[in-house]
Structures are given as C-alpha cells and as structure tokens.
Amino acid sequence: MKYLTIALMTALTGGVLASCSHKIEYPQAPSDPSVVDNYFGIEVADPYRPLENDTAAETLQWVEAENAVTNAYLDKIPYRAKLRQRLTDLTNYKKTGLLSKGKDGRYYYFENDGLQNQSVLYRKDSINGAPEVFIDPNKLSDDGTVALTGVYESNNGKYTAYTISRSGSDWTEIYVMDTESKELLQDHIEWAKFTDAAWQGDGFYYSAYPRPEAGKEFSNANENHQVYYHKIGTPQSEDILVYEDPKHPLHFHSAYVPESEDYLFIIGAGEGMGQSYMVRDLKQPGSEWVVIEPTQDYNLNLMDVVDGKFYFLSTADAPKGRLMVADARRPQRANWKELVAEQEGVLSGVNMAKGHMLLTYEKDASNHIYDYDLTGRQLREVALPTFGSTYISSDAKDDEVFYSFTSFTYPASQYSYDLATGESRQIGATEVPGINFDDYVTEQVFYPSTDGTMVPMFLTYKKGLERNGKNPVYLYGYGGFNISLTPGFSAYRMLWLENGGIYAQTNLRGGSEYGDAWHEAGTKQQKMNVFNDFISAAEYLVGQNYTSPEYIAIEGGSNGGLLVGACVNLRPDLFKVAIPRVGVMDMMRYHLFTIGWNWASDYGTSADSPEMAKYLLSYSPLHTIRNDGTPYPAILVTTADHDDRVVPAHSFKYAAALQAADTGDAP
C-alpha cells in the first residue's frame with residue numbers, strides 16, 4: 001500500500017529541499033572578526049564566538065530569524081500535512097513496556113495509549129490484574145516539557161523516589177512519594193545531575209553539583225560532583241555530604257547500595273574509558289573506604305551483590321568482557337575469580353535470578369541471551385525471534401523473569417521466561433494498525449572500510465526491492481563512546497520504508513559492537529576511522545547499486561551529529577541531504593562547555609598537545625567547511641536551547657559559518 005505519492009521520496013531525499021530557484025537570504029549572525037585563538041602556534045579564527053552566549057538578546061533574535069527562514073521554506077512543501085497525518089497514524093498505537101516486580105510485590109510497567117507525550121507508569125497486583133496509574137508524567141507540566149527520567153523504590157517498599165528533567169536539561173530534580181498512597185511528600189532535591197536514588201533505610205544517596213551561577217545554568221562547565229545522603233522528612237540543606245574528590249574535580253561519582261543495604265559503593269568515571277570502584281561496609285559504623293579498583297582504565301560494572309559476593313562485569317584482561325566474582329572481605333581486583341570467561345561475543349549485561357544468571361551477549365550488533373547457573377555453567381540459550389535488542393527484568397531472590405525483544409520490523413514485545421524449563425511465553429504483543437511487517441525484510445551486510453576493516457550494517461526495506469541505483473537511502477550512524485547500535489523498532493521510520501526507502505544502520509568503529517578494541521579504534525587520533533567507515537557505507541550502497549549519491553540522506557545526533565558534519569565536509573558529493581542533530585561541531589572548544597570535558601577520553605582536546613590540536617582541527621565540522629563553490633547537500637541543523645550536554649553554541653556557530661560559505665544553492 002502506498003500512502004503518499006512518489007513526490008514524498010523526492011522530498012525526503014532532497015528533491016524539494018535541495019532545489020531552489022534562488023539562493024536563500026540568511027540572517028546576519030552576531031560576529032566578532034577579532035576573535036582568534038592560538039593552539040600551540042596555530043592561529044584559529046572564531047568569528048561567531050558571540051553565539052556562545054545563548055541567552056544574549058542578539059543570539060535570541062538571530063535564532064528567531066533563522067527559524068522564520070526555515071519554517072517559511074518547509075511550509076512550501078505541498079504534502080507536509082499528509083506527512084504529519086501519516087506519522088500521526090503510524091504512532092497512534094498502544095506501546096507497553098517491560099514488567100518489573102516492585103519491592104512491594106506489585107508489577108510495574110510503562111504504557112502509552114498512542115499519542116501521549118510521555119508513557120504512564122502503571123502498577124497491578126498480579127500479571128493479569130487490573131492496572132492503576134502510579135505516576136503520570138504528562139501531568140507534571142502543562143506543556144509536556146517535564147520528563148520522568150527514573151523511578152526508585154525503597155528496599156522496604158515504603159517510599160518511591162522519582163527523578164525529573166525540565167525541558168530536556170541534564171539537571172535533575174528528585175521527588176518522593178508514599179508508595180502505598182501515592183501521596184507526594186515534601187522532600188525535593190534540586191541541582192542533582194547524572195544520578196539515581198540509592199536507598200538505605202529511610203533515606204537515599206544521590207549525586208549533585210554545586211548550585212550554578214544564575215544565567216549560566218546550561219552553559220558553564222560542571223565541576224566537583226558530590227554524593228549526598230538525604231533523610232526523608234528533612235530539607236535538602238541538611239543533607240549529609242558522603243563523598244567528594246576535590247583533587248579530581250572533573251570526575252563523576254555515583255552511589256550504589258544493594259538490596260541487602262550492607263554496602264555503599266562509590267563509582268568513579270570521567271577520566272578514563274572505564275570506572276573506578278570503592279566500597280564501605282554499612283554494617284560497621286565508621287568503617288573506612290576500601291578501594292576495589294583505583295583506575296578508570298577498564299569497563300567495570302557491578303551487576304549484583306548476592307550472599308556476600310560482588311559480581312562484576314569487567315573488561316580488564318578481557319576486551320570483550322567476562323564475569324568475575326569477588327569476596328566482600330577481599331574485594332580488590334587482584335583477588336577476583338573468573339566465573340564466566342571471555343567469549344566470542346561482547347558481554348553487555350548480567351541479570352541475576354533465583355539460582356540463575358542471565359547473560360546478554362552482543363554478536364555482530366545483535367543481542368543473545370544465555371542462561372547460566374551460579375557456578376558459571378551455561379545451561380541454554382534463550383530462543384529469540386530474529387536478530388534484535390533485548391532488555392531483562394529479574395531479581396536475585398525471585399524466579400520470575402521478564403524480557404522484551406525488538407527489531408527493525410518487530411515492535412517491542414514482552415515475554416516471561418521459565419527458569420526451570422527454559423521456555424518463553426509471550427505476555428504482551430505490540431500491534432501497529434495498518435502495517436503488514438511480512439512485507440519487509442532486514443539483511444545484515446559487511447562492507448570494507450578504507451583500511452580494509454569489515455564493518456557490519458543492517459539494511460531494512462520492502463520485499464521485492466530492485467537494485468536500480470535509484471532507491472532512496474536513509475543512512476544512520478553514531479560511532480563513539482562505546483555505544484552500540486542494535487536493531488530496534490521506530491514507527492516514524494515506517495513512513496520511509498512503506499514508500500520504498502531503504503533504512504541503513506551501520507555499526508561504526510568507536511562503538512562497543514566488538515569490545516574495547518573496536519571502541520578504541522574510533523577514538524582520539526583514530527577518529528578518522530569512524531568517518532571513513534561511514535563514507536565507505538555510502539560507497540558500498542552505491543557500488544552494490546542499491547542507490548546513488550542523488551538519493552542518500554544521512555543523519556546522526558550528538559556524536560552522530562559530529563559524524564554527519566565531518567562527513568559532509570569530507571565528501572559533499574556523496575550525499576543529497578544531511579541532518580546533523582545537536583552535533584559536536586566545534587572540536588577546538590567543546591571541552592569548555594558544561595560536561596564536554598568528559599568526552600576527552602574519546603576525542604582528546606586541543607589543549608593536550610600540538611599533534612592533538614592539529615588532528616582535531618583537521619576534521620572539526622565548524623572549521624573544515626569548504627568555501628570554494630563546491631556544491632553541498634541540503635542540510636537541516638537542529639538543536640535545543642535547554643541542551644546542557646551538547647550546548648546549542650555548536651550548532652549556532654556551525655550554521656552561521658555554513659550559511660556564510662560558498663556551498664552552492666542547496667539550503
């Protein structure tokens with residue numbers, strides 16, 4: 001069934017967006033031509049430095065003018081209303097999340113009736129019981145800009161803390177409610193960040209930064225991450241400072257307390273590519289901290305604490321991960337014992353269940369679940385429908401296990417898993433009206449990058465597709481920070497697919513798809529591997545006659561926005577449309593804003609060395625825009641004024657520089 005005319009595909013791949021009868025007149029951006037920085041003798045002009053002040057009147061006026069130009073242009077698309085209506089129809093279906101069993105014995109899950117801004121948290125007394133609303137985040141604000149970011153039940157089930165974010169900011173507020181009555185208590189924590197609520201008794205640990213300077217809440221660098229303990233019924237001003245490390249102001253610190261409440265763990269991060277760990281015995285008042293792992297050289301994740309044993313997922317001496325166990329009395333890494341050795345796949349998660357361990361491995365960017373006993377003996381593999389992504393909900397003291405599964409044409413469905421028999425039973429299937437998923441196919445291909453490295457890529461499209469070089473392709477990638485792109489469903493994406501488009505998702509170096517080595521191969525002075533992998537993906541699709549440069553749109557967000565910006569400058573001839581979302585576009589100054597310094601383990605910084613500064617300058621999207629008349633693809637730049645992770649200055653300066661350059665007539 002074809003819901004829109006073929007003109008839609010022309011538009012989405014640049015036919016409308018890239019063809020103008022005249023060159024657009026862009027707003028004049030605030031600038032200061034005198035701004036020049038010196039990096040180890042390399043002088044770099046930064047004329048759009050005034051745009052870094054995102055609250056200045058001149059910046060706000062420029063943004064308003066930019067949006068006016070954009071909206072006036074997009075409003076000319078004659079079938080834009082049809083696009084909106086079809087997207088509305090595609091997303092208007094019930095979306096049910098994974099069941100989890102609360103400390104109060106009830107079952108909790110998120111559900112969206114179709115078009116709600118945010119999913120509602122429900123609970124019920126039994127799996128088949130009648131649900132009641134527990135938290136409705138849509139009622140936290142009138143305009144839907146307050147998001148529920150986490151829910152944390154106390155171990156006795158008496159209280160529930162929840163975290164919220166306003167307008168997409170990383171700043172976190174914590175509220176507390178009575179679990180039984182759902183009554184909101186007076187407790188309210190502000191200026192927390194990168195935190196959950198780790199319960200101990202009638203209180204919880206959380207992480208926060210000092211209150212920021214007024215007017216610079218979303219741009220100033222954050223330093224001195226501290227851990228506090230809050231007791232229910234007391235004001236935040238009385239919270240107890242539990243841990244800080246002023247000698248390392250750029251480290252993150254988070255707290256973890258197991259259900260037994262015997263230990264307090266402090267996890268450190270932000271300097272290396274992994275985590276440090278220390279622990280304090282809560283059974284012994286005044287006990288000293290014991291350092292488990294002092295460095296941040298390895299990925300180290302505490303999976304659970306069971307009967308005085310600490311279960312760690314570790315990449316130390318095992319780049320793809322292995323499961324280690326430590327005795328609480330001698331928890332240092334030197335004393336650990338291997339429980340499950342490193343495998344061919346990447347160990348990405350461990351969930352404890354009663355007498356069992358469910359290990360999730362990633363093989364060629366797809367999840368696999370294996371059932372082990374507590375001695376480390378594999379019992380079986382859990383059968384999954386196809387390659388995809390899974391999420392598991394379980395508890396070390398309970399034999400009830402739930403998991404969800406999703407893939408590109410497989411909306412998230414929920415299953416219960418029987419530990420005794422190894423059988424899975426579907427308990428919730430997602431139906432999307434008006435779509436026959438049997439009409440589509442997903443294949444995984446492997447293509448050579450510039451240096452010969454074979455890179456995996458998923459291609460999803462309608463069955464019967466002809467390789468005629470004219471199929472529209474939507475190419476998506478990320479390639480950084482040890483983050484893996486596994487298959488998942490998007491209703492929005494179905495609009496593209498049902499009109500004959502190909503969705504291509506490539507697993508670039510810099511991610512975690514093949515362990516630490518794959519990640520490190522896309523970091524610092526190997527970052528060019530990531531861009532070459534992405535460019536090679538497009539070249540492969542052209543070479544295999546799936547498509548041609550006239551039909552390729554590329555998209556990515558954050559680090560993926562950097563990817564898109566860099567690749568457009570490297571190969572503007574290879575793409576028709578580029579969509580960099582909230583991209584890291586100024587590689588010379590990224591580390592000076594909010595939490596940007598934390599990305600140095602992947603990027604390096606311009607202050608590190610002359611070699612690093614020169615390397616960053618060689619691909620920084622802001623600094624490598626061509627200005628020689630080379631035709632560029634149509635480019636849509638998006639950002640947000642409350643994004644205090646990748647601050648809007650990146651996109652502001654990039655857009656201003658792009659519009660000022662001679663890049664042809666595409667908008």
Side-chain angles (χ1 to χ4, degrees), residues 100-103 105 152-157 196-205 227 229 242-243 253-268 274-295 298-318 321-342 347 349-360 370-379 392-401 419:
S100 64
K101 197 170 184 180
K103 301 295 192 298
Y152 310 94
E153 191 179 7
S154 63
N155 292 307
N156 58 14
D196 52 17
W199 284 94
Q200 182 204 352
D202 288 339
F204 57 84
Y205 300 90
V227 177
Y229 180 78
V242 174
Y243 185 81
H253 303 108
S254 56
Y256 171 74
V257 178
E259 187 175 352
S260 62
E261 299 189 0
D262 291 342
Y263 305 97
L264 169 62
F265 294 86
I266 296 292
I267 303 101
Q275 300 81 28
S276 62
Y277 270 80
M278 56 197 307
V279 65
R280 174 185 285 173
D281 189 341
L282 295 176
K283 302 186 301 296
Q284 304 294 329
S287 61
E288 298 294 324
W289 291 108
V290 176
V291 175
I292 298 175
E293 171 57 50
T295 76
Y298 311 100
N299 283 307
L300 187 61
N301 293 292
L302 179 64
M303 297 290 98
D304 214 331
V305 176
V306 181
D307 298 330
K309 293 180 179 179
F310 304 161
Y311 291 83
F312 283 101
L313 191 166
S314 172
T315 62
D317 303 319
R322 57 179 174 167
L323 183 60
M324 308 292 285
V325 63
D327 190 307
R329 295 166 297 183
R330 302 169 62 224
Q332 296 85 354
R333 183 159 64 90
N335 302 319
W336 293 1
K337 294 181 179 179
E338 182 179 87
L339 194 58
V340 179
E342 184 179 26
L347 180 58
V350 179
N351 291 75
M352 310 297 289
K354 194 171 186 178
H356 291 248
M357 304 182 298
L358 296 165
L359 276 61
T360 301
Y370 296 89
D371 188 353
Y372 283 74
D373 65 21
L374 296 183
T375 69
R377 179 174 63 97
Q378 185 183 130
L379 303 175
I392 301 173
S393 172
S394 66
D395 187 276
K397 296 180 180 179
D398 204 313
D399 60 2
E400 286 189 290
V401 175
L419 292 172

Novice: Please check: side-chain N/O of Thr315 versus main-chain N/O of Gly321, any donor-acceptor pairing under 3.5 Å?
Specialist: no

Novice: For the residue pair Asp196 and Ser254, establish whether any side-chain heavy-atom pair is separated by less than 4.5 Å.
Specialist: no

Novice: Just how far is it from atom CG of Asp399 to atom NZ of Lys354, taken to the nearest 0.5 Å?
Specialist: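 Asp399 CG to Lys354 NZ: 6.0 Å, rounded to 0.5 Å.
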
Novice: Spell out, as yes or no, whether a donor-acceptor pair under 3.5 Å connects the side chain of Ser314 to the backbone of Leu300.
Specialist: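 Such a contact is absent between Ser314 side chain and Leu300 backbone.
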
Novice: With no hydrogens and no angle check, is any side-chain donor or acceptor of Tyr370 less than 3.5 Å from a backbone partner on Leu358?
Specialist: no

Novice: For Tyr205 and Tyr243, run ring-ring contact (aromatic ring centres under 6.0 Å, His included): C-alpha distance rounded to whole Å, both residues' side-chain angles, the deciding distance at 0.1 Å, then the answer.
Specialist: CA-CA 10 Å; Tyr205 300 90; Tyr243 185 81; over 10 Å; no

Novice: Rounded to the nearest 0.5 Å, how far does CG of Asp371 lie from NE2 of His356?
Specialist: 5.5 Å

Novice: Could you state the interatomic distance from CG (Asp317) to CE (Met324), rounded to the nearest 0.5 Å?
Specialist: 8.0 Å

Novice: Run the side chain to side chain contact (heavy atoms under 4.5 Å, CB included) test on Glu400 and Leu419 for me, step by step, so that the C-alpha distance in whole Å, both residues' side-chain angles and the decisive distance to 0.1 Å come before the verdict.
Specialist: CA-CA 8 Å; Glu400 286 189 290; Leu419 292 172; over 6 Å; no

Novice: With Phe312, which residues qualify under ring-ring contact (aromatic ring centres under 6.0 Å, His included), at least two apart?
Specialist: Tyr277, Trp336

Novice: Report the C-alpha distance between Thr375 and Arg377 in whole Å, list the side-chain angles of each, state the deciding distance to 0.1 Å, and finish with yes or no for side chain to side chain contact (heavy atoms under 4.5 Å, CB included).
Specialist: CA-CA 6 Å; Thr375 69; Arg377 179 174 63 97; 3.7 Å; yes

Novice: Roughly how far, to the nearest 0.5 Å, is the CE atom of Met278 from the NE2 atom of His253?
Specialist: 8.5 Å

Novice: Are Leu379 and Asp373 side-chain neighbours, meaning at least one heavy-atom pair lies under 4.5 Å?
Specialist: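 Contact flag for Leu379/Asp373 side chains = yes.
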
Novice: Apply side chain to side chain contact (heavy atoms under 4.5 Å, CB included) to residues Tyr152 and Trp199 and explain how you reach the verdict.
Specialist: CA-CA 8 Å; Tyr152 310 94; Trp199 284 94; 4.0 Å; yes

Novice: For the side chain of Arg280 and the backbone of Ser287, is there at least one donor-acceptor N/O pair under 3.5 Å apart?
Specialist: yes

Novice: Tell me if the NZ atom of Lys337 is crowded by more than 12 foreign heavy atoms within 6.0 Å.
Specialist: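 Counting neighbours around NZ of Lys337, 12 or fewer heavy atoms of other residues, nucleotides or ligands fall under 6.0 Å, so no.
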
Novice: Mind checking what makes side-chain hydrogen bond (donor to acceptor under 3.5 Å, both in side chains) contact with Tyr372, not counting sequence neighbours?
Specialist: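 Scan of Tyr372 (side-chain hydrogen bond (donor to acceptor under 3.5 Å, both in side chains), adjacent residues dropped) gives Gln378.
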
Novice: When you look at NZ of Lys103, are more than 12 heavy atoms from neighbouring residues, nucleotides or ligands closer to it than 6.0 Å?
Specialist: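 Yes, enclosed.
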
Novice: Which atom pair, heavy atoms only, marks the closest approach of Val279 to Pro331?
Specialist: CG1-CG, 4.4 Å

Novice: Do the side-chain N and O atoms of Tyr298 and Glu293 include a donor-acceptor pair separated by under 3.5 angstrom?
Specialist: no

Novice: Quick check: do Asn156 and Asp202 have side-chain heavy atoms less than 4.5 Å from each other?
Specialist: yes

Novice: Checking the side chain of Asp281 only, and the main-chain atoms of Lys283 only, is there a donor and an acceptor separated by less than 3.5 Å?
Specialist: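 Side chain of Asp281 to backbone of Lys283, a donor-acceptor pair under 3.5 Å: yes, one is there.
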
Novice: Return the CE to CG distance between Met352 and Leu374, rounded to the nearest 0.5 Å.
Specialist: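 Met352 atom CE to Leu374 atom CG measures 5.5 Å (nearest 0.5 Å).
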
Novice: Can you check whether Gln200's main-chain N or O pairs, donor with acceptor, with Tyr229's side chain at less than 3.5 Å?
Specialist: yes

Novice: Determine, stepwise, if the pair Lys309 / Leu339 fulfils side chain to side chain contact (heavy atoms under 4.5 Å, CB included).
Specialist: CA-CA 12 Å; Lys309 293 180 179 179; Leu339 194 58; over 6 Å; no

Novice: Looking at side-chain heavy atoms only, is the closest gap between Ile392 and Thr360 below 4.5 Å?
Specialist: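 Ile392 reaches Thr360 side chain to side chain.
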
Novice: Please set out all donor-acceptor pairs under 3.5 angstrom arising from side-chain atoms of residues 256-264, sequence neighbours excluded.
Specialist:
residue: Ser260; atom: OG; partner: Asp262; partner atom: OD2; Å: 3.4
residue: Glu261; atom: OE1; partner: Gly201; partner atom: N; Å: 3.0
residue: Glu261; atom: OE2; partner: Asn155; partner atom: ND2; Å: 2.8
residue: Glu261; atom: OE2; partner: Gly201; partner atom: N; Å: 3.4

Novice: When rounded to the nearest 0.5 angstrom, what is the spacing between CD1 in Ile292 and CD1 in Ile267?
Specialist: 9.0 Å

Novice: If only atom types and distance count, is the side chain of Asp304 paired as donor or acceptor with the main-chain N or O of Val306 below 3.5 Å?
Specialist: no

Novice: Salt bridge between Glu338 and Arg322, side-chain N to carboxylate O under 4.0 Å?
Specialist: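 Judged by the 4.0 Å cut-off on N to carboxylate O distance, Glu338 and Arg322 do form a salt bridge.
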
Novice: For a quick test of reading the model, state the closest non-hydrogen atom pair linking Leu323 to Val350 and the distance between them.
Specialist: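 Looking at all heavy atoms of both residues, the closest pair is CD1-CG2, 4.0 Å.
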
Novice: Please report the shortest heavy-atom distance between Ala198 and Ala255, naming the atom on each side.
Specialist: CB-O, 3.8 Å

Novice: Output yes when Lys101 and Asp395 qualify as a salt bridge under the 4.0 Å nitrogen-oxygen rule, no when they do not.
Specialist: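 So Lys101 does not pair with Asp395 through a salt bridge.
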
